[in-house]
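Reckoned from all heavy atoms, side chains included, excluding hydrogens, waters and symmetry mates. The first residue in the sequence is number 1, and the count goes up from there.
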Amino acid sequence: MQYLTEYRERASVEKISAEIQRITTRPWALMEVCGGQTHAIAKYGLQQLLPPEIELLHGPGCPVCVTSLAIIDQAIAIAARPEVIFCSFGDMLRVPGSHSDLLSVKAAGGDVRTVYSPMDALALAQVHPDRQVVFFAIGFETTAPANAMAVFQAQRKGLGNFSLLVSQFLVPPAIETICADGDTRVQGFLAAGHVCAITGFEAYQPLAQRIRRPIVVTGFEPLDILEGVLMCVRQLEQGTCDVQNQYARAVPREGNRPAREMLQRVFEISPQHWRGVGEIAGSGLRLRPQYSAFDANQRFPRVTTGRDDSRGCISGQIMQGRSKPDDCPHFGKACRPQSPLGAPMVSSEGPCAAYYRYASRYASRYANRKPARSQYEKQELPNEH
């Protein structure tokens with residue numbers, strides 16, 4: 001099994017698409033939770049392979065998009081300190097804060113470095129004992145275990161110059177918050193497969209019953225997503241609201257137990273502020289008291305953010321399924337990848353970036369266009385992303 005090309009095979013994709021068409025009898029609105037799924041939908045023109053009754057809404061699953069303005073401002077302030085080596089994933093560098101961004105700090109002489117894992121930052125702390133090394137620990141349940149491991153190792157090695165600026169999020173409370181809105185149009189969810197690879201999907205069972213909507217754990221290839229849609233629509237048509245696992249090749253029921261244990265050893269659940277959405281109880285992670293020495297918020301002075309985080313960006317509306325990126329009056333005009341008003345336009349998983357990059361293939365105003373516009377109608381699928 002290649003676990004890639006077969007999930008892009010045209011004949012299989014068209015077969016699933018035809019089955020979705022066959023069983024759909026009424027309009028349904030589904031939300032893909034993860035920004036990676038949003039980009040795959042846009043890249044492969046999957047919305048156009050669905051019947052017009054099926055609408056895909058874009059969820060809050062981009063970690064860059066939901067990181068709060070206050071945390072961005074704190075990151076910028078820490079990164080500007082002369083004694084600091086500030087380490088981050090590349091996506092965060094151009095996310096606008098109140099007055100600047102991390103890339104501007106770097107251009108002004110700050111030691112801001114792009115790394116690929118928290119362990120890279122930990123290695124820097126070992127070779128630069130005279131500098132403070134701070135890692136910008138963003139993400140969902142997927143990144144939390146590795147961040148926890150970095151802190152665990154730093155404590156074991158006795159590193160006093162390593163810390164995390166934590167901006168960790170948990171997915172289930174966000175799903176529940178979206179459904180608590182009486183005006184929400186979301187009727188079913190495609191859950192993020194990589195998150196569930198860590199957490200498993202057992203925890204989603206009571207959630208699905210509380211929100212009374214089906215949840216299908218879904219992968220990221222075209223066939224994964226269309227199968228997830230099929231399973232979700234089938235439940236909706238039958239009036240059920242269970243949890244199903246389309247991504248069984250990667251997601252066991254109990255998840256990754258060692259990763260969960262490491263996460264729980266180092267972090268504890270906390271309230272979290274989601275950019276554009278607000279605070280959601282129990283939706284974040286913070287370092288446990290025994291690891292507080294590695295908390296950058298305690299090691300460095302806190303800054304006060306002085307500006308509304310909206311700046312005209314409607315990211316909160318988009319990530320709750322109330323709007324689409326091209327509903328925004330600034331989309332493609334004042335807000336472009338080169339001059340973003342908000343994180344969804346600059347993040348590699350942002351919905352606005354997906355619409356902008358794949359505008360010729362997918363946008364809400366083109367949602368009902370004919371399948372002939374789909375990539376599948378024009379050419380064979382590429383072999384890799």
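Atom CG in Leu102 sits 10.0 Å away from atom CD1 in Ile78 (nearest 0.5 Å). To the nearest 0.5 Å, the span separating OH on Tyr116 from CZ on Phe89 amounts to 11.0 Å. Rounded to the nearest 0.5 angstrom, Ile138 CD1 and Leu164 CG are separated by 12.5 Å. With rounding to the nearest 0.5 angstrom, the CZ atom of Arg357 is 13.5 Å from the CE atom of Met345. Note that CG of Leu285 is 9.5 Å distant from CD of Gln264, once rounded to the nearest 0.5 Å.
In this structure, Cys232 and Val229 have side chains that are not in contact, with every pair of non-hydrogen atoms separated by 4.5 Å or more. For the pair Ile20 and Pro51, the minimum side-chain heavy-atom distance is below 4.5 Å. Under the 4.5 Å side-chain criterion, counting only non-hydrogen atoms from C-beta, Ile175 is in contact with Tyr204. At a threshold of 4.5 Å between non-hydrogen side-chain atoms, the residues Phe86 and Val133 do not count as touching. Side chains of Arg288 and Val266 form no contact here, defined as non-hydrogen atoms less than 4.5 Å apart. By the 4.5 Å heavy-atom criterion applied to side chains, Leu57 and Arg185 are counted as neighbours. Side-chain contact between Val13 and Glu221 is absent, with no heavy atoms from C-beta onward closer than 4.5 Å. Side-chain contact between Leu56 and Glu32 is present, with heavy atoms from C-beta onward closer than 4.5 Å.
Inspection of the Gln272 and Glu279 side chains reveals no N or O donor paired with an N or O acceptor under 3.5 Å. In summary, the side chains of Asp295 and Ser292 do not present any donor paired with an acceptor at a separation below 3.5 Å, with no hydrogens or angles considered. Arg213 and Gln187 form no side-chain donor-acceptor contact under 3.5 Å, judged by distance and modelled atom types alone. In summary, the side chains of Gln246 and Glu227 do present a donor paired with an acceptor at a separation below 3.5 Å, with no hydrogens or angles considered. Side-chain contact annotation: Trp274 with Ser68, donor-acceptor N/O pair under 3.5 Å absent.
In summary, Arg26 and Glu53 do not engage in a salt bridge, as defined by a charged side-chain N under 4.0 Å from a carboxylate O. Ionic pairing of Glu261 and Arg265 is not present here: no N-O contact between side-chain nitrogen and carboxylate oxygen is shorter than 4.0 angstrom. At a threshold of 4.0 Å, the pair Arg286-Glu268 counts as salt-bridged, since one of the basic side-chain nitrogens sits closer than that to a carboxylate oxygen. A salt bridge links Asp181 to Arg322: at least one charged side-chain nitrogen sits closer than 4.0 Å to a carboxylate oxygen. Taking a cutoff of 4.0 Å between a charged side-chain nitrogen and a carboxylate oxygen, Lys324 and Glu55 qualify as a salt bridge. A salt bridge between Asp224 and Arg8 is absent, with no side-chain N of the basic residue lying under 4.0 Å from a carboxylate O of the acidic one. The existence of a salt bridge linking Arg234 and Glu237 is excluded, since no basic side-chain nitrogen approaches an acidic carboxylate oxygen closer than 4.0 Å.
Between the side chain of Arg336 and the backbone N or O of Tyr356 there is no donor-acceptor pair closer than 3.5 Å. Counting only distance, with no hydrogens or angles, the side chain of Asn161 and the backbone of Arg131 share a donor-acceptor pair below 3.5 Å. Although no hydrogens or angles enter the test, the distance criterion places no donor-acceptor pair under 3.5 Å between the side chain of Asp73 and the main chain of Gly97.
With a 6.0 Å radius and a threshold of 12 heavy atoms from other residues, nucleotides or ligands, Arg249 has its CZ atom above the threshold. By the neighbour-count criterion of 12 heavy atoms within 6.0 Å, atom CG of Leu103 is densely surrounded, having more than that number from other residues, nucleotides or ligands.
In this structure, the ring of Phe220 has its center less than 6.0 angstrom from the ring center of His194. Ring to ring, His58 and Tyr355 are close: their centroids are under 6.0 angstrom apart.
Using cut-offs of 30° and 60° on the angle between ring planes, the pair Phe140 and Phe169 is tilted.
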Criterion side chain to side chain contact (heavy atoms under 4.5 Å, CB included) on Ser88 and Thr114, from CA distance to verdict: CA-CA 5 Å; Ser88 171; Thr114 301; over 6 Å; no

